[in-house]
Amino acid sequence: MTGRIVVSRRIPEVGMSLLAAQPGVEVEVLEDAQDRGPARSRLLDAVATADVLLCLLTEAVDRELLSAGRRLRGVSQMAVGVDNVDMAAATELGIPVGHTPGVLTETTADLAWALLLATARRIPQAHRYQVEGRYRIWGPELFTGADVGSGGSGRRKVLGIVGFGRIGQAVARRSVGFDMEVLAHDPRNRDRVEAVLGVRWAPLDHLLSEADFVSLHTPLTPETHHLLGEEELRTMKSTAILVNTARGPVVDEAALVRALREGWIAGAGLDVYEDEPRMAPGLVDLPNVVLLPHVGSASIDTRDRMATMAAHNAVAFLQGERAPHTVDPGVYDTPAYRERTGG
Ligand code: GLV
C-alpha cells in the first residue's frame, strides 16, 4: 500500500502510531500544537496531494477544500459530529467521510451531567470563592443552588432531553439515581424514546415548559439550527437550567444571554458555542453560567479510542476499502466514488 495521509492536527499517539505502522504510507501532520489549527492556505495546498485527509471538527471541510483534494479517497474526521463537513459536496464528489460514533457516548453523557450538577449547585463559583480564601464562616445561604434530586422539596425534578440518539439515551440512564421524571423529544426517534423505561416522549414546547433541566443532544442540521431561540427560552421555567453539550448553533446564543440576564431561565451549563471559540457578548460576565471549552468527549481513554477509530477509517480509505464508520455509506455506490478510486 502506498499513499499520503494528511493529518490536519496531531491526534493522540495511539492513532498516529497506527498510521505510521502502515508500510509505504507517508503521513504529514500540518499542526502539532494543541491550541491552534493549520492556516487555511496550508490545508488547501496539502489536500491537493493527499489520498486521505484526517481532520478535526475545527477544520472547515467545505466544497472548496474537497474540490482541491483531487486525489482524495476519503476524509476521516476524529469526531462524531460532522457539521463542519459539507456532506452534500462530499457525496457529490464521491468522497466518503468517516467519523467516530459510539465510543464517546458515555464520556459525553458524563460531561452533560457534570455540567448540570455544576450549574445547579454552583460548583465553579463556590470553588473560586474557596481558593480565593473568602470562606470565613459557614453561612445558611452561602452558595445555595437548585436540587437535582427530590431532596429539598420532595418533588421529583423533570429532566427534558432534546435529541434522543446514543448520547441522549445515556444521559437518561444516568438520571435513575436522581429519581427524576424524564421527558424526551426527538422527531426521528419516537420509538426509541418509548423503549427506554420511564422516559416519556413530549412535544418540544411541552418539554420546555415542564422541565427543570433541559439537556441538548441533537446533531446540528438545518432543522436544529436555533432550535432554542427567544420564544423557546421564554417557554422554559424561570427556575430551569439549560445544558448544551451538543453544538452551539442549536441555541440562539444572543437570546440565551438575554434569557440568563433577565431571568427567563435560571442558569446554563455550556460546552459549545455558536461561533466557537468566541462567545456571545456578555455571556462570560453572567453569574449564572458554567462555561467549558468543548470538552464533552475529553477523557484520555475516549480520545484514544476516537483516534484509533479515525486512524482505522483513514487506513481503510487509503486501501480503497469501505471505512468501518462512514457517515454516508451510499457514497460507495456512486459513479463519482468509483471513478475516484478506479473501481
Ligand atoms: C465532538 O463534539 C464530536 O462531535 O465528536
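Since the model is a prediction, treat every value here as computed from it, not as a measurement. Atoms within each ligand, like the ligands themselves, are counted from 1 in listed order. Just so it is clear, the values below take in all heavy atoms, side chains as well, and ignore hydrogens, waters and symmetry mates.
Set against the non-hydrogen atoms of Gly81, the atoms of ligand 1 under 4.0 Å away are 3 (C), 4 (O). Taking a cut-off of under 4.0 Å to the non-hydrogen atoms of Leu104, the atoms of ligand 1 that pass are 5 (O).
Two rings, from Trp113 and Phe213, have their centers 6.0 Å or more apart.
What you find for Thr100 and Val80 is that their closest heavy atoms are OG1-N, 3.5 Å. Ala311 approaches Leu18 most closely through the heavy-atom pair CB-CB, 4.0 Å.
Of the N or O atoms in His294, one or more lie within a sub-3.5 Å distance of an N or O in ligand 1. Where the criterion is an N or O separation shorter than 3.5 Å, residue side chain and backbone included, Thr100 fails it with respect to ligand 1.
For the residue pair Asp328/Thr91, the side-chain donor-acceptor check at 3.5 Å is satisfied.
Of the charged side-chain nitrogens involved, none lies within less than 4.0 Å of a carboxylate oxygen, so that Glu31 and Arg10 do not count as a salt-bridged pair.
For atom 4 (O) of ligand 1, the nearest non-hydrogen atom from the set Arg247, His99, Met78, Met306 comes from Arg247.
Nearest protein neighbour of atom 5 (O) of ligand 1, counting heavy atoms only, is Val80 N, 2.8 Å.
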